[in-house]
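The structure under discussion appears below in the form of structure tokens.
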Amino acid sequence: MTPDLLTAADTAEPTLPLVQQDPWLMPYEPVLLQRQQRLAQRLSDIVAECGSLSRFAQAHQRLGLNHDKRRRGYWFREWAPAAEGVFLVGDFNGWDRQATPLTRGEDGVWEVFLADKDYQDRLTHHSLYKVHVVTPEGGKDRLPAMLRRAVQNPETKDFAAQVWKPETPFVWTDQKFRVPNCVREPFIYEAHVGMALEEGKVGSYLEFAEQILPRIQQEGYNCLQLMAVMEHPYYGSFGYHVANFFAVSSRFGTPEELKHLINEAHNRGIAVLLDVVHSHAVKNEAEGLANFDGSGHQYFHEGSRGDHPGWDSKLFDYGKPEVQQFLLSNLRYWLEEFHFDGFRFDGITSMLYHHHGEGVAFGSYDQYFGPDADDDAILYLQLATTLVREVKRSALLIAEDMSGMPGLCRPIEEGGMGFDYRLGMGIPDYWIKLLKHTRDENWNLHDLWYTLTNRRLGEKTVAYAESHDQALVGDKTLAHWLLDKAIYEHMHKDDPDPITARGIALHKLIRLATLSLGGEAYLNFIGNEFGHPEWVDFPRQGNNWSHHFARRQWNLADNPDLKYQFLLQFDKSMIKLAKTTRLLAATPARELNIDSHNQVLIFERGGLIFVFSFHVDRSVPDYRFYVPHAGRYRILLNSDDAEFGGFTRIDNNYIYETFEEDGVHRLSLYVTNRTVLVLGRV
């Protein structure tokens with residue numbers, strides 16, 4: 001933009017801290033202010049209507065099946081404004097679709113009261129029910145929108161709502177757990193309960209609590225990010241085609257068993273995040289919300305705008321107050337009922353833009369603030385982060401966005417959207433692309449440095465080398481890319497195979513480079529910390545409904561005769577060092593040396609000196625380099641140690657002293673190939 005084209009708004013002093021920090025946002029400050037004003041107006045309307053945002057997010061206490069102790073009976077309510085009739089059906093009334101009609105209210109909510117004196121012996125714990133919705137197209141049995149539990153008939157595969165009212169309520173013992181005390185910086189363990197076991201079956205919440213939580217704790221992770229908790233009809237969707245937003249997935253166990261898992265995690269000092277899917281919903285009508293009241297656009301946009309072009313799913317209409325209330329109530333429900341400590345919001349990019357990020361390369365600020373941006377979705381996300389702060393101030397909020405929307409992870413009052421962290425999605429893409437297309441000796445360390453450090457100032461990033469996206473069938477884990485068939489044939493600890501040696505060395509370097517350079521939090525997908533050998537492929541017709549690839553082979557990491565133990569031990573040591581030195585709380589890394597000839601990268605972060613050698617075979621004695629502070633240094637972590645599957649070429653007990661050369665402080669090290677050394681001042 002040339003000076004003569006600048007408007008008065010462009011030349012005025014910025015009022016928002018977000019714009020003050022990034023002058024390139026100056027032309028867009030009016031848009032940011034407009035977003036703030038729209039949020040303020042919506043909050044004002046909500047307060048006038050309900051008293052507070054928290055009260056607005058209580059729809060689940062009115063809608064669905066709720067027991068009224070004062071009236072002594074169940075209320076059942078369903079929002080279906082376009083329906084011609086609504087009936088409650090179930091085993092309590094012999095599945096008679098005319099026996100229990102609901103009455104319509106002015107707000108489109110239908111209701112019926114079922115007194116205990118008439119139904120206490122018929123509408124009981126484990127009773128099955130549905131709602132029969134009559135539309136101009138006819139009547140259909142549907143699952144209530146806010147059901148708390150859905151169960152599938154193993155023979156017919158049909159889902160039904162289930163009354164869930166155990167005689168003894170769950171007793172929490174996590175009162176002393178506080179997120180800020182246990183999670184100074186997030187080290188996130190991304191996991192799927194169903195595929196967490198070694199056996200070829202669907203794992204349970206209880207088995208996860210007993211068998212997997214101890215591993216997560218021992219490895220040093222302080223956050224558990226749970227996938228696929230919200231009920232979904234198709235197991236192979238990885239939990240991303242949600243049908244029942246308020247229901248705990250019954251294929252893994254009961255609501256109380258999920259509470260037990262979370263309670264146990266808290267007692268081990270581990271926060272638990274829910275991978276929440278508010279970006280879309282399953283298109284199934286029998287199990288989900290699609291065409292619920294016959295209008296075609298009750299919860300979702302009308303016509304083609306209500307269909308996601310790439311995900312074969314339905315898209316919420318975030319501009320509708322009832323949809324806002326449904327989704328906000330969903331967040332409050334998970335926080336309060338199950339003690340979740342925050343959310344990883346899936347598919348944020350799809351929400352933020354009308355084009356959903358499909359086939360779009362983001363290269364201009366105009367794309368973030370122009371007509372492509374979905375103002376209704378942006379408003380909803382601002383409402384969501386505001387609500388979560390009201391309900392649980394310490395909650396962690398992570399956004400999965402690949403577009404780089406400015407301000408996504410800045411406070412709303414500064415011009416942002418209120419998230420805490422964004423996923424560094426470009427980092428795993430970079431590693432996979434590098435391993436697929438570039439020989440080791442041709443790796444460009446300047447590109448590596450740029451990719452791992454290129455993030456918005458003041459917005460925290462979750463760095464990760466691979467997540468579930470890279471582990472899914474059709475792609476390969478980093479370990480698989482690095483080792484290929486050697487991962488099956490040459491993993492005995494005494495096998496000198498050079499391909500395996502290369503793969504193990506680079507696996508360690510890639511993970512530590514990602515952790516130390518990539519952000520202010522770190523994430524690992526279940527099993528990848530020890531180089532799990534295979535992709536994830538859920539039971540489906542194409543694999544003859546096998547669980548073989550939908551499990552985790554923990555025996556590989558536990559076997560003292562195999563090399564997987566080396567990767568696991570390095571992961572533990574890497575995380576322990578990062579936690580004890582508070583590495584991720586430090587300011588971004590400072591480059592000290594990039595040597596393309598020797599393939600050496602050296603930088604400082606948090607007072608630590610990181611020396612990476614990516615060279616395929618060159619080891620350099622007396623390698624001299626600049627350090628910012630004079631003094632004595634010692635090795636804190638050495639990837640070449642024998643316990644990490646290395647060759648023990650360096651003495652970790654040696655104390656290195658700086659010397660003056662060319663007017664600067666320098667160190668001299670023996671830098672061995674495919675090794676990383678981390679040094680700290682004595």
Any donor-acceptor pair under 3.5 Å linking the side chain of [X] with the backbone of [Y]?
X: Ser44; Y: Ala40; value: no
X: Gln367; Y: Ala361; value: yes
X: Asn543; Y: Arg540; value: yes
X: Asn291; Y: Gly296; value: yes
X: Ser279; Y: Met351; value: no

With heavy-atom distances below 4.5 Å as the criterion, would you say the side chains of [X] and [Y] are in contact?
X: Phe549; Y: Pro539; result: no
X: Arg456; Y: Asp22; result: yes
X: Glu414; Y: Gln21; result: no
X: Asp317; Y: His297; result: no
X: Asn244; Y: Met230; result: no
X: Ile188; Y: Val462; result: yes
X: Pro309; Y: His356; result: yes
X: Glu358; Y: His355; result: no

Look at atom CD of Gln34 and say whether more than 12 heavy atoms of other residues, nucleotides or ligands are closer to it than 6.0 Å.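 No, not enclosed.
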
Would you confirm whether the ring centroid of Tyr240 sits within less than 6.0 angstrom of the ring centroid of His468?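 Centroid distance His468-Tyr240: below 6.0 Å, so yes.
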
Kindly say whether the aromatic ring centers of Tyr74 and Tyr129 come within a distance under 6.0 Å.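 Not close enough - the centres of the two rings lie 6.0 Å or further apart.
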
Hey, could you give me the [atom1]/[atom2] distance between [X] and [Y], rounded to the nearest 0.5 Å?
X: Trp110; Y: Leu88; atom1: CH2; atom2: CG; result: 13.5 Å
X: Leu147; Y: Phe159; atom1: CG; atom2: CZ; result: 10.5 Å
X: Leu16; Y: Arg35; atom1: CG; atom2: CZ; result: 11.5 Å
X: Met227; Y: Ser467; atom1: CE; atom2: OG; result: 8.0 Å
X: Asp537; Y: Leu472; atom1: CG; atom2: CG; result: 9.0 Å
X: Phe113; Y: Thr103; atom1: CZ; atom2: OG1; result: 13.5 Å

Between Arg251 and Glu231, is a salt bridge (charged side-chain N to carboxylate O under 4.0 Å, His left out) present by the stated rule, with each step listed? CA-CA 9 Å; Arg251 58 170 54 87; Glu231 189 63 88; 3.5 Å; yes

Distance alone, cut at 3.5 Å: any donor-acceptor contact between the side chains of [X] and [Y]?
X: Thr135; Y: Glu84; result: no
X: Trp75; Y: Asn66; result: no
X: Asn330; Y: His278; result: yes

Taking all non-hydrogen atoms of both residues into account, name the closest pair between [X] and [Y] and its distance.
X: Leu261; Y: Tyr205; result: CD1-O, 3.6 Å
X: Ala228; Y: Ser249; result: O-CB, 3.7 Å
X: Gly518; Y: Ala463; result: C-CB, 3.5 Å
X: Pro81; Y: Gln298; result: CD-NE2, 3.8 Å
X: Leu39; Y: Leu379; result: CA-CD1, 3.6 Å
X: Val282; Y: Pro233; result: CG2-CG, 4.3 Å

Using the ring of each side chain (for Trp, its six-membered ring), is [X] parallel, tilted or perpendicular to [Y], with breaks at 30° and 60°?
X: His241; Y: His280; value: perpendicular
X: Phe338; Y: Tyr333; value: perpendicular
X: Phe252; Y: His192; value: perpendicular
X: Phe538; Y: Tyr235; value: perpendicular
X: Phe525; Y: Phe238; value: perpendicular
X: His132; Y: Phe87; value: tilted

Decide whether a cation-pi geometry holds between [X] and [Y]; the criteria are a distance under 6.0 Å from NZ or CZ to the six-membered ring centre and an angle within 45° of the ring axis.
X: Arg42; Y: Phe56; value: yes
X: Arg149; Y: Trp164; value: yes
X: Lys320; Y: Tyr299; value: no

Which of these, Leu331, Leu327, Leu335, Ile46, sits in a side-chain contact (heavy atoms from CB on, under 4.5 Å) with Leu387?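 Testing each of Leu331, Leu327, Leu335, Ile46 against Leu387, the sole residue satisfying side-chain contact (heavy atoms from CB on, under 4.5 Å) is Leu331.
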
When you check the gap from the basic side-chain N to the acidic O, do [X] and [Y] get nearer than 4.0 Å?
X: Asp307; Y: Lys283; value: no
X: Arg104; Y: Asp293; value: no
X: Glu520; Y: Lys460; value: no
X: Asp107; Y: Arg77; value: no

Begin with the C-alpha distance, continue with both residues' side-chain angles, and end with the deciding distance and a verdict on side chain to side chain donor-acceptor pair (under 3.5 Å) for Asn153 and Asp158. CA-CA 5 Å; Asn153 185 306; Asp158 182 47; over 6 Å; no

Step-by-step side-chain contact (heavy atoms from CB on, under 4.5 Å) determination, Leu273 to Phe343: CA-CA 5 Å; Leu273 309 179; Phe343 302 100; over 6 Å; no

Verdict with supporting geometry, Asp376 and Arg38, salt bridge (charged side-chain N to carboxylate O under 4.0 Å, His left out): CA-CA 10 Å; Asp376 289 342; Arg38 190 175 184 212; 2.6 Å; yes

Side-chain donor-acceptor pairs of residues 389-408 under 3.5 Å, sequence neighbours excluded:
unit_1, atom_1, unit_2, atom_2, d
Arg389, NH1, Ala395, O, 2.8
Arg389, NH2, Asp420, OD1, 2.7
Arg389, NH2, Asp420, OD2, 2.7
Glu390, OE1, Ser54, N, 3.4
Glu390, OE1, Ser54, OG, 2.6
Lys392, NZ, Phe340, O, 3.0
Lys392, NZ, Asp341, OD1, 3.0
Glu400, OE1, Gly347, N, 2.7
Glu400, OE2, Arg344, NH2, 3.3
Asp401, OD1, Thr349, OG1, 2.6
Asp401, OD1, Ser403, N, 2.9
Asp401, OD1, Ser403, OG, 2.8
Asp401, OD2, Ser403, OG, 3.1
Asp401, OD2, Gly404, N, 3.1
Asp401, OD2, Met405, N, 3.2
Asp401, OD2, Arg422, NH1, 3.3
Ser403, OG, Tyr353, OH, 2.7
Ser403, OG, Met405, N, 3.4

